[in-house]
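Report on the structure given below.
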Amino acid sequence: MAAIVTLHTNHIAVAGAGLLGRLVAWQLLADGHAVTLYDAGDLDTPPAAAWTAAGMVAPLCETAISERCVHDMGRFALDQWPRWLEAIDAPALWQQNGSLMVAHPQDLGELTQFRRDLEHALGGNAPCQSLDAREIHRLEPDLASGFRQGLYLPDEAHLDNRALLSCLLEAIRALGGECHGHCPVETFPGEVVTPDGARRFDLVVDCRGTGARPHHPSLRGVRGETLHVQTAEIRLLRPVRLMHPRYQLYVVPKPGDRFVIGATQIESEDRSPMSLQSSLELGSALYTLSPAFAEARILEQGVNLRPAFLDNLPHVTRQHGLVTANGLFRHGYLLAPAVVCHLLADIRGHGDQPFADILAACPPQESAA
Ligand SMILES: Cc1cc2nc3c(=O)[nH]c(=O)nc-3n(C[C@H](O)[C@H](O)[C@H](O)COP(=O)(O)OP(=O)(O)OC[C@H]3O[C@@H](n4cnc5c(N)ncnc54)[C@H](O)[C@@H]3O)c2cc1C
């Protein structure tokens, strides 16, 4: 395969400093390219979905509701993230303590159904363990005592995503990357148009998430909401998911006695603040996980849009001078390693691009860009 860029050192623009943009910019700088990174928002507190996200890397939890390839790319991520975090000297941001799924007695059917779906998707080889009340208590002693059955998925991980985004920005700057916040851009083959005018590059990589609709008319945003709470009254070692007939609540522990709680996935591009209904549902479900959450302080309510194609899978498109990577949907941290390694192999001209059959496929209802 021919490399997209041919000189040893190129000037490459990366549009969008969310999850994909930062990873790609950092890797291209490490390859010796000159990189200019643009984001429409603030670089320290970006408007990216990556900033709002919970940072779970949960290939099994997602398998029951996604394509099999999401699981396969997710397993790739479980190997790749620790390597990248070592490389930016931040291994502690990665926690691989598994995930725990529980259900209240009246909802145990949800847990059983989840396990069936998982076994079906993975041909009966799902690495998960059924737990009784004693085993749940041993794993997470601070959870409410009423949970009689649970599932433990030992391979799964979570990371401190906001700290990761900050570390990546630091690494980009340390390698000489030129970074522009508050700078919305439009991208074209070999050209970026900023509010100050057009600028030429050897290659433009578009990682603008939902902002890349000019290239992808079929791209949509899927609303997600999170609560950030803080309490020293409860400690969790791993993400806990509460199965419920209408939603799966997740609680992800973060440093500083913080927890990110989410559940919602709404087919809407509304970015307005969280609704009262979501706030009540998240809060009361959280309280049933442990009454110790009652005194938690609400620090933040987050709303953002997950960038998604019609098939809810990521796609990388290429033409001379312009590459786009998008559509990570609800799986940004799970799929970014596969997408970034695929894209870099393309730029480097390596023949063996991982997951080429999925990622290089044209997004549905779009002709090749
Ligand atoms: C509530 C919620 C919870 C989530 N939880 C998880 C999770 O636990 N695990 C997981 O794997 N995934 C999760 N995700 C999904 C994950 O956040 C996304 O898949 C991922 O962030 C997508 O990465 P991206 O780089 O494509 O887009 P983004 O992270 O959204 O970054 C796009 C960037 O492009 C910038 N941009 C847009 N337009 C322009 C423009 N014109 N010019 C310059 N810059 C522009 C934006 O400002 C933004 O910074 C969650 C998402 C949400 C909303």
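If you read the sequence from its start, that first residue is 1, and numbering goes on from there. Just follow the structure's listing: the first ligand is 1, and inside any ligand the first atom is 1.
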Please indicate whether any nitrogen or oxygen in [X] is less than 3.5 Å from any nitrogen or oxygen in ligand 1.
| X | result |
| --- | --- |
| Gly21 | no |
| Arg330 | yes |
| Ala325 | no |
| Pro307 | no |
| Asn304 | no |
| Gly41 | no |
| Ala54 | yes |
| Ala17 | no |

So, [X] and [Y]: side-chain donor and acceptor under 3.5 Å apart, yes or no?
| X | Y | value |
| --- | --- | --- |
| Asp206 | Thr324 | no |
| Ser272 | Asp270 | yes |
| Asp117 | Gln113 | yes |
| Glu110 | His244 | no |
| Gln95 | His158 | no |
| Gln248 | Arg241 | yes |
| His180 | Thr36 | no |
| Asn326 | Arg213 | no |
| Gln365 | Ser218 | no |
| Gln230 | His228 | no |
| Ser290 | Asp142 | no |

State the atoms of ligand 1, each with its element, that fall below the 4.0 Å cut-off from a heavy-atom position in [X].
| X | value |
| --- | --- |
| Gly211 | 37 (C), 38 (N) |
| Leu328 | 19 (O) |
| Leu19 | 23 (O), 25 (O), 29 (O) |
| Gly55 | 7 (C), 8 (O) |
| Leu20 | 25 (O), 26 (O) |
| Ala50 | 17 (O), 21 (O), 29 (O) |
| Ala49 | 17 (O), 21 (O), 28 (P), 29 (O), 30 (O) |
| Pro184 | 42 (N) |

Is [X] in contact with ligand 1, taking contact as a heavy-atom separation below 4.0 Å?
| X | answer |
| --- | --- |
| Ala15 | no |
| Tyr250 | yes |
| Pro47 | yes |

Please confirm whether the backbone N or O of [Y] pairs with a side-chain atom of [X], one donor and one acceptor, at under 3.5 Å?
| X | Y | answer |
| --- | --- | --- |
| Gln27 | Val340 | no |
| Thr288 | Ala285 | yes |
| Arg199 | Val193 | no |

Please write down residue, atom name and distance for the protein heavy atom closest to [atom].
| atom | answer |
| --- | --- |
| atom 31 (O) of ligand 1 | Gly18 CA, 3.2 Å |
| atom 11 (O) of ligand 1 | Tyr333 N, 2.7 Å |
| atom 50 (C) of ligand 1 | Ala53 CB, 3.4 Å |
| atom 48 (C) of ligand 1 | Asp39 OD2, 3.4 Å |
| atom 27 (O) of ligand 1 | Gly209 CA, 3.9 Å |
| atom 15 (C) of ligand 1 | Phe329 O, 3.2 Å |
| atom 41 (N) of ligand 1 | Val185 O, 3.0 Å |
| atom 20 (C) of ligand 1 | Gly332 CA, 3.8 Å |

**Message:** Checking side chain to side chain contact (heavy atoms under 4.5 Å, CB included) between Phe259 and each of Leu227, Thr226, Val229, which is the one that passes?
**Reply:** Val229

**Item:** side chain to side chain contact (heavy atoms under 4.5 Å, CB included), paired with Val323, selected from Val14, Val204, Thr317, Leu203
**Value:** Leu203

Nearest to [atom] by heavy atom, [options]: which?
| atom | options | answer |
| --- | --- | --- |
| atom 1 (C) of ligand 1 | Thr226, Val70, Leu334 | Thr226 |
| atom 8 (O) of ligand 1 | Met56, Arg22, Glu186 | Met56 |
| atom 36 (N) of ligand 1 | Arg306, Arg208, Glu225 | Arg208 |

**Message:** Between Phe329 and Phe309, does the ring pair (Phe, Tyr, Trp, His ring centres under 6.0 Å) criterion hold? Intermediate values first, please.
**Reply:** CA-CA 8 Å; Phe329 185 41; Phe309 290 115; over 10 Å; no

**Fill in**
Going by the 4.0 angstrom heavy-atom rule, the piece of Cys207 near ligand 1 is backbone

**Prompt:** Do Val260 and Trp51 belong together in a cluster built from hydrophobic side chains that touch within less than 4.5 Å?
**Reply:** no

